[in-house]
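Quick notes on the structure that follows.
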There are 2 protein chains.
Amino acid sequence: MTAIACAALLSVLCTGTVLPTFAIKYTYETKYVDVPVDHFSFASNLTFPLRYLVNATHWRKHEGKPIFFYTGNEGDIEMFAQNTGFVWEIAPEFRALIVFAEHRYYGRSLPFGNKSYSEPKYLGFLTSEQALADYVLLISHLQRDQDHPSPVIAFGGSYGGMLAAYFRMKYPHVVAGAIAASAPIFQFSGLTPCEAFYRIVTSDYNSTSTECAASIRRSWTEINNITSSDAGKSWLSTTWKLCKPLKTSNDVKELKSWLSDVYTNLAMINYPYPTNFLAPVPANPISVMCTHLPNSSLTGKLLLKSIFKAITIYFNYTGSTRCLNIETEASTNLGDLGWDFQACTEMVMPMCSDGHNDMFEMQMWNFAKYSDTCYKKWKVRPDEKRALRMYGGKDISTATNIVFSNGLLDPWSSGGVLYNISSSTAAVIIPEGAHHLDLRESNPADPFSVRTARKFHRKFIRRWLHNHQLSEPTLGVGL
Amino acid sequence: MTAIACAALLSVLCTGTVLPTFAIKYTYETKYVDVPVDHFSFASNLTFPLRYLVNATHWRKHEGKPIFFYTGNEGDIEMFAQNTGFVWEIAPEFRALIVFAEHRYYGRSLPFGNKSYSEPKYLGFLTSEQALADYVLLISHLQRDQDHPSPVIAFGGSYGGMLAAYFRMKYPHVVAGAIAASAPIFQFSGLTPCEAFYRIVTSDYNSTSTECAASIRRSWTEINNITSSDAGKSWLSTTWKLCKPLKTSNDVKELKSWLSDVYTNLAMINYPYPTNFLAPVPANPISVMCTHLPNSSLTGKLLLKSIFKAITIYFNYTGSTRCLNIETEASTNLGDLGWDFQACTEMVMPMCSDGHNDMFEMQMWNFAKYSDTCYKKWKVRPDEKRALRMYGGKDISTATNIVFSNGLLDPWSSGGVLYNISSSTAAVIIPEGAHHLDLRESNPADPFSVRTARKFHRKFIRRWLHNHQLSEPTLGVGL
């Protein structure tokens, strides 16, 4: 996977790291609900069990208290449950049911078991529309014995945030409001310049240390130079402790792709306290990493040794990794595979870099090539305009009851909604926030802006629930 | 098909008449656009040509003038084009493009050709969601070389009106507003009492002549009595000039079902001038029919002879029909077949009659039986709650820019939206109107209320177009 292809993914699991283990802090029951493989046809009546996690500790079900519903995205839902502390923290005050729904084709929600990823006839039902329809059905299942169904608030981060927003847009009768954190719904063709994403990544490094960003920018040439000989490949493989030594130019390309992903991921998880979301990393990981790159005048092997020290904080912060493996993603991490397919069908998010205004190698956005790669890999071709047709692109003026929050450290804010759409669909900016920091549990190191954002979320949720109560369909006319 | 099953259909072609011929008044080009068989999966990449009719005579394409888009419903789109004069009449004043899009699986838009109706694996893609997605794609095709795409106003009557409303609800970025005429979006389970529909039919007859309604109510018993003997069956077959003489009790059941449909259809097309929509009928056909039923004290053969005279105005107003054929619908009219499948999957609209508050035989709404009949016929089972999950039932408070118009003579107004939803989603009542009279061309015999309704439509369309212009997505924030 090239750097571009991978960064074009919204996958939080995009690098070649093994699936992170996560601390189990929040507890829940694991349940399954049968859903149709295809919600939009009657051509077959196949169903499969969709996993969801549920905690009813605080729910006042018969008092009409709400359901807090996380619209699962591209990964094991348990990981999202453990990394979305905000929902757990506010549930008691709202007496809410907590539900984390797994996205089809991820985690344990595989429609065709082991065959799910084998060919388009099985994998083809991996779409956002089908996932939303799963959630509609799950919610009707949760409300099945309620005379007055509990209102639902959707929560999601990243692609999950896009789903939360789309959920409210497409099914406003199901979802009273949505907190869409770091949801890059404007990252599609023609809406956002393709270079915006990597410029934000670069800015994160630059603002930490211009020496750091400059060192990284220079490193690509040094890698290219040194790996132009077999001896150089060998030296780099040994010095960087690669599990699989570099043999071909393609190996080098993959290494660079992996590196780009590491820099990008660190920008996404540049949280002010140690986390274990994508990988175990220290607080403010970019700052820590950049301490190893204080001098951009270094060249050759000296620079590359520094780069290795720098990236160690991402791939081996715990010190337990024996060698650097850049190849694990496609084989062990189903999440990546699934998102790769989604990026090859409906989630086409153009990315590019110029090596000048950003710290990456120059890479053009080439849709034809992208499409060919997709076809080779999945036997499908991406539909560049599909997401615009389905969800409206920037034309979302009729959306109601959505909060779009974005941290400005987060490269995905390039495709985020950064302005208010209406009085009920608002943008929240978190200048010091990385990727959906606001959905994480509160922490003493949290910047003021994220505390304020969470207060804003709570205020909006309260308002939506209040308005929902006033507009009970049984009263006849809504609004 | 039982009376209930047929009346449960929104099909305007529900009776056993042959497909009506219609006068060709409006002209257009016939075109096709390739659309995917399944918009919501990538499991296959099959496509098929969807037919649409287009007239660009008045369109000022490069001045951003609108597209008037009829969301085709269950039948040959040419028939709807010829019976929707309102759109043709107002297009010049708006400089609009006129498009009539055919609904998949009807007319000439058969995804799998002759096999389309053969089994669920072919027929299963006949759903409203797929049809709407067809329309989205067609519109993007129509706008393909426009820098500033023309705004789209959707029009539809009956099921087409439901589609027009759903289109705006689900794809507000595609459709600036919708005129949804006689759209019974509240006709689903739990939203409307099942007896409402036949009570309105009855009321149409009662208000014309109580003798007439009473005669019809009495006739069922007389038919049952006389057909209890073979001689009686023979007498009725001869007297009513049935193409196929009555042999079994099931034949009698089907005759009664056909009769119910005739009474129902006449209520739908009870227009103030002669029409040829479902069948050639005179102006105010219920009045004309009821002149043959002036005396409800008639019994036995005398009553049945009168009934025959009465129904002649429906099945043989032109005098060219040799015999009364109650069986043609399933074999010659694909429109009926398709709607029957839709009613057996997502469009479950409960109907019942009690023979007391209405003029029909008692017939309970029995979902289990209905489901079994569907399974026997189509190998699918209806999903009673599906339409509610997908489209929200009565919870449509967030809908914007829709006019729901209903004629109170129209039995389908039982499931119509008769109250304003918001300032931009309004109800228009046409007390003297039958089924989507407002969408028909203007006529000197039109009641004042329908003239007013059409003015209202025009006013709303003008407002939507004006607001659309103000909220061009290129300006950044909508609203």
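Within every chain, numbering begins at 1; the chains are lettered A, B, ... in the order of the sequence lines, protein sequences first and strands thereafter.
Of the possible donor and acceptor atoms, none in the side chain of B/Asp383 sits under 3.5 Å from a partner among the backbone N and O of B/Thr345. Here the side chain of B/His141 pairs no donor or acceptor atom with the backbone of B/Val33 at under 3.5 angstrom.
No side-chain N or O of A/Gln187 forms a donor-acceptor pair with one of A/Thr192 less than 3.5 Å apart. Under the 3.5 Å distance criterion, with hydrogens and angles disregarded, a donor-acceptor pair is assigned to the side chains of B/Ser128 and B/Glu346.
Comparing B/Trp378, B/Phe341, B/Tyr171 by heavy-atom pairs within less than 4.5 Å of chain A, the highest count is held by B/Tyr171. For the set A/Val136, A/Val417, A/Ile139, the entry with the most heavy-atom pairs within less than 4.5 Å of chain B is A/Val136. Most heavy-atom pairs under 4.5 Å with chain B, from the set A/Ser140, A/Ala399, A/Gly124: that is A/Gly124. Looking only at heavy-atom pairs under 4.5 Å with chain A, the residue among B/Leu137, B/Thr400, B/Asn401, B/Val174 that has the most is B/Leu137.
Using a 4.5 Å cut-off between heavy atoms, A/Leu388 touches chain B through its backbone atoms (N, CA, C, O) alone.
Not counting sequence neighbours, the partners of A/Lys121 by the side chain to side chain contact (heavy atoms under 4.5 Å, CB included) test are A/Glu119. Residues meeting the ring-ring contact (aromatic ring centres under 6.0 Å, His included) test with B/Tyr135, sequence neighbours left out: B/Phe69.
Sorted by first and then second residue, the pairs that involve residues 126-149 of chain A and meet salt bridge (charged side-chain N to carboxylate O under 4.0 Å, His left out), not counting sequence neighbours, are A/Lys61-A/Asp145, A/Arg104-A/Asp134, A/Glu129-A/Arg386.
With B/Tyr166 as the partner, the ring-ring contact (aromatic ring centres under 6.0 Å, His included) test is satisfied by one option alone out of B/Tyr159, B/Phe404, B/Tyr391: B/Tyr391.
Against chain B, the residues from residues 36-45 of chain A that qualify, each with a non-hydrogen atom under 4.5 angstrom away, are A/Asp38, A/His39, A/Phe40, A/Ser41, A/Phe42, A/Ala43 in number order.
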